[in-house]
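What follows is a short report on a single structure.
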Amino acid sequence: LSTHSDDSTSTAPSYNFADFVSHSDPGFALHGTGRLLRTGIAGQDAPRIVGGDGPWLFLADGQRVIDATNTPAPLGHRHPRIVEAVRRAAGEAPCLDEGWATVSRETAAETLLGTAFAGEDWVGAVRFALTGSEANDLALSLCQALTGRVPLVTRERAYHGMVGLARDVTVQPQWHGGISDTTTDIRPVPRATEVRVLPFPTSRLGQGLQLTSGEAESILSHADDKLDQAAAVIVDYTQGGCYGAPSYQDVLARKARAAGVLWIADEVVTAFGKTGGGHWFNFQRGRERPDIVTLGKPLGGGLLPVAAVVVSNDVLEQIGDGSWQTYSALRSNELGAAAATEVIRVIEEEDLIRRADELHDVILPYMSKLADHPAVGRIDGHGLHWWIEIGDEDWRTWTGVAESPDVTEAVVKRTLEAGAMVATSAERNVILITLPLIIRHEQVASLCEAVDEGLKAVEI
Ligand SMILES: Cc1ncc(COP(=O)(O)O)c(C=O)c1O
């Protein structure tokens, strides 16, 4: 990897944000009870972060820890080429709304479709967005417009975002877009659209992708009823630690096509090799191809908000001579376009899709060892995305109340003391580990040692 400082030269940023905060206003907190409303994904005790470099995070107390919470930055923090591309764009780019064509936007579109989607001849065009939530809302509403139908289909334990229709198809109990408190009170945002939920298999380490077509058929035996007169079915590949099998995707795709339902592959998490397999996208593990692919997190390198709705030639044909009448001032942002182009170029030039697949084989033995930990109920994962459930509580029993996830917070805290930052994913008993494509083998080893240490915080 030519692109990063190694461990010995990795340094905290020259500015010290922690000093700034405490000197300017001692009462101001970045999370918790300060003026910034917290989201519920970081507990009250979450540390304040002052910088990052490659796979590292720098904390206000001076500690440097491996960042295993990295969903948006495939090249890690402060990647020199991304920083430079964004700097250059900031110095040169005009401030335009989405309506205009510019060289950098067109380059980003060509690079995305020509490099990341190379060989996928069914792909027609892309519209950029800012967040994964927005991309999903746009894709779902496009399907409603094209089919003239309203109902949407998703799978159990899905998360597709917190905006509009994307929020409607998010069916995890704790993510409803409304208010949860620590008693029994939940005030969810009422759904605007009819949403139907398909069963989705939960598997354990190494089993999930091997689901046969017969097994997928049987899991989806009632899918035809759910798909009847629906506009779209949207499926992602990691939420809830459920790593979608190619057979499930293919069986569902065929059923959707037969029912005239458009299939959206939500690759907001899984794009750019995240789940290994040697593919840019997870849908490429299967044979069928989606009508629409939605992208988000890694597209802007974690630095800029960039998302995308990639539509097939068939969808383009259905749009015909018409214009897809949705618009935003800040979508297709010039800085974001520059970041997206550079992220894809670096991944391609440094062969990082293959690297992610190799890293799967590096990480797997560590995870198998962690699976033997008495605190662990279930582990699953692929490539750079891993899911650890503590104990054997069934997620279906969760209420969505913001109960304090004491157990996971204890694990996160102990893991942090041991040198790595992991996330709780805001689920009661879940530790989520998500890593950048540039993580080194020895850093994987240190991370897994830290998690092993962290799990000792659970009393059996
Ligand atoms: C599968 C999936 N889709 C969509 C989203 C929403 O993306 P964003 O947070 O950028 O709005 C997420 C976010 O975690 C996600 O995991």
Side-chain angles (χ1 to χ4, degrees), residues 37-42 68-74 127-141 143 152-177 189 195 197-198 200 232-244 248-249 263-275 281-283 290 292-310 328 330-331 333 336 339-340 343 380-387 395 422-427 430-435:
L37 284 171
R38 78 184 176 103
T39 62
I41 204 150
T69 72
N70 182 336
T71 58
R127 170 159 283 179
F128 288 109
L130 294 172
T131 67
S133 301
E134 187 195 20
N136 281 335
D137 179 64
L138 285 170
L140 291 161
S141 54
C143 294
L152 302 174
V153 184
T154 185
R155 54 93 162 175
E156 59 183 359
R157 220 172 167 178
Y159 183 102
H160 295 293
M162 282 291 114
V163 169
L165 298 174
R167 184 182 56 227
D168 278 356
V169 291
T170 291
V171 293
Q172 290 183 356
Q174 75 280 24
W175 288 118
H176 39 67
V189 177
V195 173
V197 182
L198 293 169
F200 200 76
V233 56
I234 182 165
V235 179
D236 78 282
Y237 301 88
T238 61
Q239 280 295 327
C242 308
Y243 295 86
Y248 181 96
Q249 157 187 303
W263 164 30
I264 303 168
D266 178 343
E267 297 264 3
V268 168
V269 170
T270 43
F272 299 0
K274 189 78 181 188
T275 41
F281 303 102
N282 207 91
F283 73 78
I292 299 179
V293 180
T294 51
L295 306 173
K297 302 179 190 262
L299 199 49
L303 198 56
L304 273 301
V306 189
V309 182
V310 175
S328 155
L330 293 176
R331 274 188 222 150
N333 178 278
V343 168
D380 203 2
H382 293 275
L384 298 157
H385 194 284
W386 297 86
W387 186 268
W395 68 275
V422 292
T424 67
S425 188
E427 302 197 27
V430 170
I431 300 293
L432 172 63
I433 293 178
T434 142
L435 303 167

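Source: prediction; values computed, not measured. One-based numbering, in listed order, for ligands and for the atoms of each. All heavy atoms count here, side chains included; hydrogens, waters and symmetry mates do not.
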How would you list, by chain and number, every residue that makes a salt bridge (charged side-chain N to carboxylate O under 4.0 Å, His left out) with D236, sequence neighbours excluded?
R155
Assess the side chains of T154 and H160: does a donor N or O sit below 3.5 Å from an acceptor N or O?
yes
Checking H385 now: which residues fulfil ring-ring contact (aromatic ring centres under 6.0 Å, His included) with it, not counting sequence neighbours?
Y243
Are a donor atom and an acceptor atom from the side chains of K274 and T434 found within less than 3.5 Å of each other?
yes
Residue shell around ligand 1, heavy atom under 4.0 angstrom:
T131, G132, S133, N136, Y159, H160, G161, D236, Q239, D266, V268, V269, K297
Can you find a pair of side-chain heavy atoms, one from E156 and one from W395, that are under 4.5 Å apart?
yes
Test ring-ring contact (aromatic ring centres under 6.0 Å, His included) applied to Y248 - qualifying residues, sequence neighbours left out
F200
